[in-house]
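Computed from a predicted model, the values in this text were never measured in an experiment. Side chains included, hydrogens not; waters and symmetry mates left out as well; all remaining heavy atoms used.
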Amino acid sequence: MNAPYLRLSGRDEIVAAADGHPFVSCFVAPEAVGFQRDETLVWNWIWGDDSSLMAFGEPERAARLLQDVMAETHPSRLTIPVEVYDLLPEDARPPTPNRWRWFYTRAVPELPGVKPRGEWLDGSAEDEITELLTAGFPGASNWPGPARGSGRRRWFGVRDDDGSLAACGLASTNGGEVPNLASICVHPDARGRGLASDMTTWVTARLLDEGAPLVALGSYVSEEATHRLYRRLGYRDVYVLASGRLRPEE
């Protein structure tokens, strides 16, 4: 029989239990509920109408704690390190998860030849962003429109001399304090000009200057060229995560 677990209430308690680890800090909202056994943590991450569970700690212990918490909370999704996912029985894990690398940085990127540039985009640019993502990144995880989760969402981009949108991305807090970058895209006709490096450097500097403790981003495991770019910019990839729905939507 597994030992009981301690219940944690709110962001501060959960982050403190993880000694401020950046991964936990990134994904904990102020109203989150956590569960702790020894140095292992599981907590809920509300994303729109979905209730997802996340896990942190030694994989075998995290898998055991996760299963105990799942029996009580009945989440609809999991977002967990792949080492934990692989230890779960098939009926307790998403059947077809997305796998993606999680990166973070606490410093402004410094790379020779990079010229930070960008601008925040308002609601009037939604059609342009949609057109750009359709052309350059149809599998993007985030698109313009109503937000599914809580927190602040801001699109940013780079415009060409003619005013057209050549690159874009999204910075969102997902209800927590750490901004996450997503849907970073350069138009196919504008690639090879360093826009991804320039724009990512620009937005990272802006967010850190605003007081963010760190900036994070996720990238599908297949996008190795993108991963090399982020590593050159000083982003560290700490985890590969598996994320998906536990059961089909009714």
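Applying the side-chain hydrogen bond (donor to acceptor under 3.5 Å, both in side chains) test to residues at least two apart or on different chains, none of the pairs has a partner in residues 53-67. Residue pairs meeting the ring-ring contact (aromatic ring centres under 6.0 Å, His included) criterion with at least one member in residues 181-209, sequence neighbours excluded: Trp120-Trp202. Screening residues 57-81 for ring-ring contact (aromatic ring centres under 6.0 Å, His included) gives no qualifying pairs among residues at least two apart or on separate chains.
Between Arg236 and Phe103 the shortest side-chain heavy-atom distance does not fall below 4.5 Å. A heavy-atom distance below 4.5 Å is found between the side chains of Tyr230 and Ile184. Side-chain atoms of Pro75 and Met70, non-hydrogen and from C-beta on, do get closer than 4.5 Å to each other. Between Thr105 and Leu233 there is no side-chain heavy-atom pair separated by less than 4.5 Å. Here the side chains of Asp160 and Leu165 are not in contact, with every heavy-atom distance at 4.5 Å or above. Under the 4.5 Å side-chain criterion, counting only non-hydrogen atoms from C-beta, Leu217 is not in contact with Asn180. In this structure, Pro109 and Thr200 have side chains that are not in contact, with every pair of non-hydrogen atoms separated by 4.5 Å or more. Looking only at side-chain heavy atoms (C-beta outward), Trp143 and Thr130 come within less than 4.5 Å of each other.
A donor-acceptor pair is defined here as one N or O able to donate and one able to accept, closer than 3.5 Å; no such pair exists between the side chain of Glu131 and the backbone of Asp127. A donor-acceptor pair under 3.5 Å links the side-chain atoms of Asp198 to the main chain of Lys115, judged by distance alone. Here the side chain of Ser183 pairs a donor or acceptor atom with the backbone of Asn142 at under 3.5 angstrom. The backbone N or O of Val186 lies less than 3.5 Å from a partner atom in the side chain of Arg191, making a donor-acceptor pair. Between the side chain of Thr79 and the backbone N or O of Ser243 there is no donor-acceptor pair closer than 3.5 Å. Checking side-chain atoms of Asp162 against main-chain N and O of Ser164 turns up a donor-acceptor pair under 3.5 Å. Side-chain N or O atoms of Asp38 include none that pairs as donor or acceptor with a backbone N or O of Thr40 at under 3.5 Å. In this structure, Asn44 contributes its side chain and Val33 its backbone to a donor-acceptor pair below 3.5 Å.
Two rings, from Trp100 and Tyr220, have their centers 6.0 Å or more apart. A ring-centre distance under 6.0 Å is not found for Trp43 and Phe35. The distance between the ring centers of Tyr235 and His227 does not fall below 6.0 angstrom.
Here the closest heavy-atom approach between residue Cys185 and residue Leu133 is recorded as CB-CD2, 3.7 Å. The two atoms that bring Cys168 and Leu132 nearest to each other are SG-CD2, 3.5 Å, heavy atoms only.
Taken together through direct or relayed side-chain contacts under 4.5 Å among Ile, Leu, Val, Met, Phe, Trp and Tyr, Leu170 and Val158 form parts of separate hydrophobic clusters. Placement of Leu87 and Val82 in two distinct hydrophobic clusters is found when ILVMFWY residues are connected by side-chain heavy-atom separations under 4.5 Å, directly or transitively.
A salt bridge links Glu128 to Arg159: one of the charged nitrogens lies within less than 4.0 Å of a carboxylate oxygen. In summary, Arg232 and Glu110 do not engage in a salt bridge, as defined by a charged side-chain N under 4.0 Å from a carboxylate O. At a threshold of 4.0 Å, the pair Arg7-Glu72 counts as salt-bridged, since one of the basic side-chain nitrogens sits closer than that to a carboxylate oxygen. Arg154 and Glu210 are joined by a salt bridge, as a carboxylate oxygen and a charged side-chain nitrogen come within less than 4.0 angstrom of each other.
Counting non-hydrogen atoms of other residues, nucleotides and ligands closer than 6.0 Å to CD of Glu39 gives a total of 12 or fewer.
Relative ring orientation between Trp102 and Phe23 is described as perpendicular, the plane-to-plane angle rising above 60° on a 0-90° scale split at 30° and 60°.
Side-chain contact, Glu223 with Ser219: a donor N or O sits under 3.5 Å from an acceptor N or O.
The cationic group of Arg93 lies under 6.0 Å from the six-membered ring centre of Tyr85 and within 45° of the ring axis, placing it in a cation-pi geometry.
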